[in-house]
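Encoded as structure tokens, the structure appears first; notes follow it.
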Amino acid sequence: MDKLTLTIRKQKNIALIAHDGKKKELIKWCKENKEILAKHFLCGTGTTARMITEATELPVKGFNSGPLGGDQ
């Protein structure tokens with residue numbers, strides 16, 4: 001069998017998604033890890049992305065939530 005070498009890039013794509021009851025916990029975690037998260041591409045569902053950006057000033061790309069987005 002041939003070997004396959006994969007290179008993992010330094011900048012990761014990180015999805016930040018939380019149900020309503022866990023949003024505060026996720027925002028707290030993002031604040032605690034802001035320095036690390038700032039080095040990566042962040043995305044999340046609409047409300048969560050907006051709340052994280054407002055609380056941390058990290059750029060988080062928002063996508064649709066619910067059955068047209070985050071549930072998928």
Side-chain angles (χ1 to χ4, degrees):
M1 179 183 259
D2 293 330
K3 281 189 174 183
L4 176 65
T5 302
L6 299 174
T7 302
I8 299 174
R9 296 179 183 186
K10 287 184 179 184
Q11 185 179 32
K12 309 289 187 270
N13 296 314
I14 301 174
L16 302 166
I17 302 169
H19 285 285
D20 290 342
K22 293 291 185 174
K23 286 187 190 335
K24 287 183 183 178
E25 192 175 326
L26 179 59
I27 290 168
K28 179 178 182 263
W29 181 84
C30 288
K31 287 179 179 180
E32 292 168 355
N33 294 282
K34 181 178 176 178
E35 192 173 309
I36 294 167
L37 292 171
K39 299 174 184 174
H40 302 285
F41 173 76
L42 308 175
C43 63
T45 51
T47 303
T48 305
R50 180 183 49 78
M51 291 174 72
I52 292 169
T53 297
E54 288 174 356
T56 65
E57 297 183 355
L58 289 167
V60 183
K61 179 172 176 50
F63 290 97
N64 288 338
S65 58
L68 299 176
D71 291 351
Q72 294 182 21

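Index from 1, following the sequence.
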Handout entry: Shared hydrophobic cluster for Ile27 and Leu42 (ILVMFWY, side-chain gaps under 4.5 Å)
Key = yes
Exercise for the section: Consider only side-chain heavy atoms of I, L, V, M, F, W and Y, link residues closer than 4.5 Å, and tell whether Ile17 and Leu58 are in one cluster. Expected result: no
List the atom of [X], the atom of [Y], and the distance in Å for their closest heavy-atom pair.
| X | Y | answer |
| --- | --- | --- |
| Ala18 | Leu26 | CB-CD2, 3.8 Å |
| Ala49 | Gly62 | CB-CA, 3.7 Å |
| Val60 | Gly44 | CG1-N, 3.9 Å |

Heavy-atom count around [X] [atom1] within 6.0 Å, excluding the residue itself: above 12?
| X | atom1 | value |
| --- | --- | --- |
| Gln11 | CD | yes |
| Lys28 | NZ | no |
| Lys12 | NZ | yes |

Exercise for the section: Starting from the C-alpha separation in whole Å, work towards a yes-or-no answer on side-chain contact (heavy atoms from CB on, under 4.5 Å) for Asp2 and Leu4. Expected result: CA-CA 7 Å; Asp2 293 330; Leu4 176 65; over 6 Å; no
Handout entry: Set of residues satisfying side-chain contact (heavy atoms from CB on, under 4.5 Å) with respect to Lys61, sequence neighbours excluded
Key = Phe41, Cys43, Phe63
Completion exercise
So OG1 of Thr45 and NE2 of His19: to nearest 0.5 Å the spacing works out to 9.0 Å
Exercise for the section: Report the distance from atom SG of Cys30 to atom CE of Met51, rounding to the nearest 0.5 Å. Expected result: 11.0 Å
Problem - Check: Trp29 and Leu37 side chains under 4.5 Å, non-hydrogen atoms - result: yes
Practice task
Determine, stepwise, if the pair Ile14 / Leu16 fulfils side-chain contact (heavy atoms from CB on, under 4.5 Å).
Solution key: CA-CA 6 Å; Ile14 301 174; Leu16 302 166; 4.0 Å; yes
Handout entry: Check against side chain to side chain donor-acceptor pair (under 3.5 Å), Thr48 and Lys23
Key = CA-CA 7 Å; Thr48 305; Lys23 286 187 190 335; 2.8 Å; yes
